[in-house]
Amino acid sequence: MLPQTTREAARRFGDATAYITEAGRPISFTDVDRRSDEVAAGLARRGVAAGDVVALVLPPGPEYLLAYLAAAKLGAITAGVNDRLSESERDVVLGRAGPRIVLAAPGIEPGASDAEIVTVAVGDQGADARLLPELHGDEPVPDLPEDPQRPVAIIFTSGTTGAPKGALYTNRQLTFITQTDVGDAWGGGARSFTGTSFAHLGFMTKLPGNLRRGGTSFIMTRWRAEDALRLVERERMAVMAGVPTQFALMLARPDFDSFDLQSVKYLIAGGGPVTPGLADEARARFGAALATRYSCTEAGIGLGTAFDDPAEDAVLSVGRPHAAVDLAVLDESDVAAPPGEVGRVCLRSPAVMAGYWRDPDATRDAFTADGFVRTGDLGWVDDRGRLRLVGRSKEMYVRGGYNVYPVEVEAVLSEHPGVAAVAVVPRPDPVMGEIGVAAIVPRDPGRAPTLAELRDFGRERLAGYKLPEALAVVEGLPLTAMEKVDRAALARTLAAS
C-alpha cells in the first residue's frame, strides 16, 4: 500500500517539493520514491526480507522517512523507536520488537543486541550528499503483490501506564485510515510542518494520506515553540496541528504577539484533551477556529470535533465518532454503562490495530468479545452524543471513598486567570487515603495563585472532595517523549520535595 502510494505520488507530483529539511534542503516526490528504492536495495543486500523487522532509532528527518518506505517496499515491518526515550526505555522497546536490523543515529545505538546495528548519519550533510549512504544500493526492487494483511508498522505505546506495547498495523488498517482522511482525492495539500516524533501513530499511519495530498511538509527535528511560530509566520501557513502542550508552550512565549500569524485560520489539537482555558486562549490569540482529534495508539482513528461545531464542543468534549467508528462506554464487566455515567472508553473500526506484536495475552486483554479495543480512558457520553473524558483509568485516585479524575479538576483550574498550566496528581494521606496535589505554572511567577484562591475558584463547579488539598508552584510540567504531561515523573518530583 505504501509502495504503490509512493510511486503514484512521484508520477503525479514529480519534482514538486514533498519535504524540506530543517536546514532548508528540498526533497521532491520523485526523490522520495527513487531514494527509498535505493535504501530498499541496500537493506535487501544486508539480508532484509519480507516479514523481517527494521527498527528505526532516528530523530524526525528524511532518513526515517526513506527507511520506513524502503522497508515497506521489501515487505519488511518498521518498528519506530522514539529517539527521545532514555537508553533503558529504548532497550525495552527494541527487546519487544525483536528486529533483524537496527538503524540508529550516532550516540543512541543500542549497546547490546542480537540484531545488526547500522549507525546512520543524520542532519544536513550538504545539498549534494546522498541520504542514507550507509544503505545505498542500485539493484532493482521488485514490486510486491497486493496483500491487505501484510504487516507494515509496529507503533509502540507511550508506556506511561506500564511497559510499552507494540501495536501492529497492516495494509488493511493503513488503507482504511487513508480512505477516511483523503477519500479518493489526490492533491490539494498545503504547507505544513511535522511537530512530533515520526515513531508516533500520526506519522506512521497517515504518511500515505500525506503523500496523496501532494503538499509540502517542513521537518522539525526538534520541535521548539519559537521555531514553530517563525515557520508559520514565514510560510504563511493556514493550518496548525499539534498536541495541546505545544499550543500552550507557544502561547506562553512572552513574544507571542510579535509574530504575524494572520494566515492561521485553523488549529487542530490531538494527543490529549484540551483544557477550557487553553482552548479559549488559543482561539482568541491565534484568531482561528479550533478542532480536536481523539484516538489512541491501538485504535488508529476515533473521534473529533469540526471547525464549524459549537465552540463549546472542543472544550467540553473530544467530539463524536468519525464515520465507521463505533464508540462504547463500558463498565468493568464490559456491559454498557448507563447513559451519562462514567465508564471505560472503547472503540471499534477497520482502523483498529491487528494486535500487539508478539504478545497474544495482551492482545486478548485489549479487546472485548465483540471487537472493541480498550483505550484505557474513562469518560461518558452526554445528551448530544459527545464523549467527555475524565482521565486515564490508572490516573484516577480515591479520596475518602470518592473517585477523583484529575482531568476533570484540571479542566476547571485551567480557567483561573493566574494559571498557565496545571496538572493534578495524588499523594498518600493517612486519613483520606489519597488527596490531590495541584502543580501549577503561574502566568506571573511573582504572583502565583494560592491554594485557597484555587479552591474558591473551583468550588462552584467541583464537589469539595475533588478540590486540591495541596499546591506546588513549578516553572514547568515534566513532559514525556511525546510531549504529554509526565504524571509519574511529576508525582515522583513532588514526593521528593
Side-chain angles (χ1 to χ4, degrees), residues 19-25 27 31-32 35-36 38-43 45-46 48 52-72 74 76-137 153-156 158-159 164 166 193-204 207 217-224 227 479-483:
Y19 290 89
I20 296 180
T21 68
E22 203 159 46
R25 181 181 181 183
I27 302 172
D31 291 334
V32 169
R35 293 180 180 180
S36 59
E38 295 171 353
V39 177
L43 287 171
R45 186 184 300 164
R46 290 175 178 266
V48 176
D52 287 338
V53 175
V54 177
L56 305 182
V57 190
L58 300 170
E63 298 83 11
Y64 191 114
L65 167 75
L66 297 180
Y68 180 25
L69 294 175
L74 295 175
I77 310 163
T78 295
V81 183
N82 192 326
D83 66 303
R84 296 183 60 185
L85 296 176
S86 68
E87 181 178 359
S88 60
E89 290 171 322
R90 293 195 302 269
D91 287 346
V92 168
V93 170
L94 288 170
R96 287 175 173 259
R100 164 72 177 75
I101 189 171
V102 179
L103 310 185
I108 55 174
E109 305 96 334
S113 175
D114 294 333
E116 179 184 3
I117 311 297
V118 178
T119 301
V120 173
V122 297
D124 196 72
Q125 309 296 315
D128 298 326
R130 175 181 286 124
L131 294 166
L132 286 170
E134 304 87 353
L135 295 167
H136 176 75
I154 303 169
I155 305 168
F156 281 90
S158 63
F193 63 81
T194 63
T196 56
S197 168
F198 280 9
H200 186 255
L201 177 75
F203 180 84
M204 296 288 280
L207 177 57
S217 184
F218 291 77
I219 297 174
M220 298 185 70
T221 303
R222 282 288 181 269
W223 186 93
R224 301 175 185 85
D227 294 344
L479 303 178
T480 67
M482 291 310 303
E483 307 290 350

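The first residue of the sequence shown is numbered 1, and numbering continues consecutively from there.
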Student: Does the side chain of Leu85 come within less than 4.5 Å of Val92's, by heavy atoms?
Tutor: no
Student: How long is the straight-line distance from CZ of Phe198 back to CD1 of Ile219, given to the nearest 0.5 Å?
Tutor: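 Here the rounded value is 4.5 Å.
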Student: Kindly indicate whether the side chain of Arg222, heavy atoms from C-beta on, has any atom under 4.5 Å from the side chain of Asp83.
Tutor: yes
Student: Of the non-hydrogen atoms in Ala79 and Ala97, which two are nearest, and what is the gap between them?
Tutor: CB-CB, 4.0 Å
Student: Exactly one of Leu103, Leu94, Asn82, Val120 should register a side-chain contact (heavy atoms from CB on, under 4.5 Å) with Val57. Which one does?
Tutor: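 With Val57 as partner, Leu103, Leu94, Asn82, Val120 yield a single side-chain contact (heavy atoms from CB on, under 4.5 Å), made by Leu94.
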Student: Minimum heavy-atom separation for Pro99 and Ala55, please, with both atom names.
Tutor: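 Minimum heavy-atom separation between Pro99 and Ala55: CB-CB, 3.8 Å.
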Student: Does any part of the side chain of Leu135, heavy atoms only, come nearer than 4.5 Å to the side chain of Arg46, both counted from C-beta?
Tutor: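 Yes - at least one pair of side-chain heavy atoms lies under 4.5 Å apart.
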Student: Just jot down the side-chain contact (heavy atoms from CB on, under 4.5 Å) partners of Glu87, sequence neighbours excluded, or say none.
Tutor: Arg90, Asp91
Student: Determine whether Leu74 and Asp52 satisfy the following criterion, side chain to side chain contact (heavy atoms under 4.5 Å, CB included), listing intermediate values before the conclusion.
Tutor: CA-CA 9 Å; Leu74 295 175; Asp52 287 338; over 6 Å; no
Student: Could you tell me how the ring of Phe203 sits relative to the ring of Tyr68: parallel (under 30°), tilted (30 to 60°) or perpendicular (over 60°)?
Tutor: tilted
Student: Apply side-chain hydrogen bond (donor to acceptor under 3.5 Å, both in side chains) to Thr221 and list each qualifying residue two or more places apart in sequence or on a separate chain.
Tutor: Glu22
Student: What's the verdict on side chain to side chain contact (heavy atoms under 4.5 Å, CB included) for Ile154 and Ile77, showing C-alpha distance, side-chain angles and the deciding distance?
Tutor: CA-CA 7 Å; Ile154 303 169; Ile77 310 163; 3.7 Å; yes
Student: With side chains defined as the heavy atoms from C-beta onward, is the minimum distance between Leu131 and Val39 less than 4.5 Å?
Tutor: no
Student: From Thr194 OG1 over to Ile20 CD1, what is the distance, rounded to the nearest 0.5 angstrom?
Tutor: 11.5 Å
Student: Measuring from atom OG of Ser197 to atom OH of Tyr64, what distance do you get when rounded to the nearest 0.5 angstrom?
Tutor: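 Answer for the OG-OH pair, Ser197 versus Tyr64, is 6.0 Å.
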Student: To the nearest 0.5 Å, what is the distance between OG1 (Thr196) and CZ (Arg84)?
Tutor: 10.5 Å
Student: Determine whether a donor-acceptor pair (N or O, by modelled atom type, separation under 3.5 Å) exists between the side chain of Thr78 and the backbone of Ala153.
Tutor: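 Judged by distance alone, no pair lies under 3.5 Å.
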Student: Measure the spacing between CZ of Arg35 and CG of Leu69 and express it to the nearest 0.5 Å.
Tutor: 13.0 Å
Student: For the residue pair Leu43 and Ala71, what are the closest heavy atoms and their distance?
Tutor: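 Where Leu43 meets Ala71 most closely, the heavy atoms are CD1-N, 4.2 Å.
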Student: Going from CG on Leu66 to CG on Leu58, what distance comes out if it is rounded to the nearest 0.5 angstrom?
Tutor: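 If we round to the nearest 0.5 Å, Leu66:CG and Leu58:CG are 10.5 Å apart.
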